[in-house]
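Start at 1 with the first residue, then count along the sequence.
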Amino acid sequence: MRSDEVKKGHQRTPHRSLFRATGLKDEDFEKPFIGVANSFIEIIPGHFFLNKVAEIIKDEIRANGCVPFEFNTIGVDDGIAMGHDGMLYSLPSRELIASSIETVMNAHKLDAMIAIPNCDKIVPGMIMGALRVNVPTIFVSGGPMAKGHKKDGTPIDLATAFEAVGKHEAGNMSDEELLEIECNACPSGGSCAGMFTANSMNTLMEAMGIALPGNGTILAQTIEREALYRRAAKRICEIALDQTASEKFKLKNILNENAVRNAFAVDMAMGGSSNTVLHMLAIANEADVNFELKDINEISKNVSHIAKISPSLSTVHMEDINSAGGVNAVMKEMTKRGPNVLIDNLTISGETLLEKIADAQIKDKNIIRTIDNPYSQVGGLAILYGNLAEQGAVIKTAGLTGARVFTGKAVCYDGQAEAVAGILLGEVKAGDVVVIRYEGPKGGPGMQEMLTPTSLIMGMGLGSSVALITDGRFSGATRGASIGHVSPEAAEGGMIGLLKNGDEIHIDVDKYILSVDLNDDEIIRRKAEFMPVKKILKSRWLSQYRALVTNASQGAVLRTDL
């Protein structure tokens, strides 16, 4: 066992003495040591109950002949951090989480790991750290939140609350209705109820084979979820107690190129958050998988978009997907499109992916559609290219509310705060393209999510007549013609930084185009005069991050060489 390095032989007498101080007995030194990586934190609705989840998991690990050691990572609640400079710390927290996993697991030579994430960057951060360690690892998330309801029975969620602010600002919603939504949009613990970033990543872990069925859809704080925790704990012990299995189920043997491609395919079928592109590129990098942004469009062409979930469809939430057959039912239906839509691959359960979904069935075809009746014959994400995005930009086509071809005049803002102020002042009109720059990984720094400006646009009734482009990113709750991750970003001299008010911008989703109508001479002239804005930073951590981070087309990973 890997842990023998810290617990076997007379030279490890002081090490065992320290272990005994934590409560270990003689017989425990013959057992596998399992890291229980928890992301418990009291400020995040999806995480405040994970301390109790860890107790369930640790009890099950002990009952199955192993020794658990719990440790924690940090976490940022994107909804609470949204709309102010706290969001600058959101994406950088992914790197701290990954490094904390690597640090604890390798410093103490633990044999295997069970990770308990739930929300946003915490999921990819834990996956990235686990890949660096490369021991058998199973992920079991806290689970999705139940949807809320207004008094009249209308289902609501966090996206409803953000868009309600725009409606209130436009004078289309009373104070009383706004308060009703505030008090009912998030009724319980769990990751926000729609197919936002957290639930997108929790779902994709099933597609990657690193979590058990139901991980993305079984509601948090339920008996069914507790049963999932116990199954996951039992399974990691089965692997850790068998040295042959421990070698077979090392994480990189499961999370390989096939798994990355399967994750993107499922993302396309379910219309997941555009943030999954950023995170899956980073995960592929840690998995030593050669996957590029342009590969996403090729996958999309072969995937039918068969499930719409909030924010794309406000009446459907994760609990509805669970009742309709779950992610396995989605994957099973996907395979009917062709033999290579999903690639058979080893999963942590011991079955291959195709074996795991063999008996899955759709239970409600109004929730999960068949490939004969899809929302679209192509997937719910697209990568756009052109002189405005030479290295790519991302659009969640599943959330489009207007035309797939759009041409409009640029209204430029250097940052989210400036954009929000301008939108509230009525500077944005139907037919405009809102440009928000200096919000990329370097420019922000930290590439903050921008749900506030998109929600204001939707709430003010401009969602179908205004487009928005940014070198920053969007919340998974964003919908509308919102194009993010524009690369190169403004802070590194990208074309988005050279735009001026009134420039004509052209978007064609089906032809994968994002361009500005400027001739080469004008572009050369602007580049010669251009000096990127560099924000003054007081934060040492954000300064370090800005110095090391790559742009969004590379997953905003940190460089390891200078």
Side-chain angles (χ1 to χ4, degrees), residues 1-40 50-74 95-117 122 125-140 210 229-255 286-288 346 348 350 560:
M1 286 185 281
R2 192 172 102 120
S3 60
D4 288 349
E5 193 168 344
V6 295
K7 68 185 184 187
K8 294 288 186 178
H10 70 275
Q11 291 183 335
R12 296 296 183 250
T13 295
H15 302 64
R16 289 192 297 275
S17 181
L18 290 167
F19 279 122
R20 290 179 190 276
T22 70
L24 265 61
K25 307 299 181 187
D26 288 348
E27 61 271 19
D28 291 326
F29 293 105
E30 302 302 320
K31 300 174 182 177
F33 286 180
I34 311 295
V36 179
N38 198 357
S39 53
F40 164 70
L50 296 185
N51 56 336
K52 297 175 183 176
V53 171
E55 292 302 322
I56 293 168
I57 287 172
K58 288 188 292 183
D59 285 346
E60 198 69 25
I61 287 172
R62 295 186 191 100
N64 282 275
C66 298
V67 180
F69 290 100
E70 183 184 358
F71 63 96
N72 272 77
T73 69
I74 65 164
E95 311 308 312
L96 296 175
I97 291 163
S99 295
S100 68
I101 295 282
E102 176 188 2
T103 298
V104 174
M105 289 295 295
N106 282 345
H108 304 101
K109 301 299 180 184
L110 303 181
D111 297 299
M113 181 168 72
I114 185 164
I116 315 171
I122 298 158
M126 282 189 158
I127 296 173
M128 291 162 66
L131 283 164
R132 297 177 194 173
V133 178
N134 196 29
V135 297
T137 304
I138 191 166
F139 292 81
V140 57
I210 59 177
Y229 302 145
R230 293 190 184 279
R231 288 196 298 272
K234 182 179 180 180
R235 178 59 184 157
I236 200 64
C237 290
E238 288 173 351
I239 295 170
L241 287 163
D242 182 334
Q243 288 306 298
T244 301
S246 291
E247 195 64 33
K248 177 180 180 180
F249 291 100
K250 283 184 175 179
L251 187 57
K252 286 188 178 180
N253 292 340
I254 297 172
L255 212 174
E286 296 288 359
D288 302 318
L346 181 66
I348 195 69
T560 55

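Within a 6.0 Å sphere centred on CD of Gln243, heavy atoms belonging to other residues, nucleotides or ligands number more than 12. With a 6.0 Å radius and a threshold of 12 heavy atoms from other residues, nucleotides or ligands, His108 has its NE2 atom at or below the threshold. For Gln11, the CD atom sits in a loose shell: 12 or fewer heavy atoms of surrounding residues, nucleotides or ligands are nearer than 6.0 Å.
Nearest heavy-atom pair across Leu110 and Gly35 is CD1-CA, 3.6 Å.
Salt-bridge annotation for Glu60 and Lys234: absent, with no side-chain N of the basic residue lying under 4.0 Å from a carboxylate O of the acidic one. Glu55 and Lys52 are not joined by a salt bridge, as no carboxylate oxygen comes within less than 4.0 angstrom of a charged side-chain nitrogen. Using a cutoff of 4.0 Å between basic side-chain nitrogens and carboxylate oxygens, Arg62 and Asp59 are scored as salt-bridged.
A cation-pi arrangement is absent between Arg20 and Phe29, since the terminal nitrogen or guanidinium carbon is not both under 6.0 Å from the aromatic centre and inside a 45° cone about the axis. Cation-pi geometry between Lys7 and Phe19 is not met at under 6.0 angstrom from the ring centre and within 45 degrees of the axis.
When each of Ile101, Ile34, Ile236 is paired with Met113, the side-chain contact (heavy atoms from CB on, under 4.5 Å) condition holds for Ile101 and for no other. None of Val53, Leu50, Ile114 except one satisfies the side-chain contact (heavy atoms from CB on, under 4.5 Å) rule with Asn38; the exception is Leu50.
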Show, in sequence, the C-alpha distance, side-chain angles and deciding distance for Ile127 and Ile210, and conclude whether the side-chain contact (heavy atoms from CB on, under 4.5 Å) test is met. CA-CA 9 Å; Ile127 296 173; Ile210 59 177; 3.9 Å; yes

Can you check salt bridge (Lys or Arg N to Asp or Glu O under 4.0 Å) on Lys25 and Asp28, steps first, answer last? CA-CA 5 Å; Lys25 307 299 181 187; Asp28 291 326; over 6 Å; no

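A side-chain donor from one of Asn106 and Arg2 sits under 3.5 Å from a side-chain acceptor of the other.
Partners of Ala98 under the side-chain contact (heavy atoms from CB on, under 4.5 Å) rule, at least two apart in sequence or in another chain, are Met128, Arg132.
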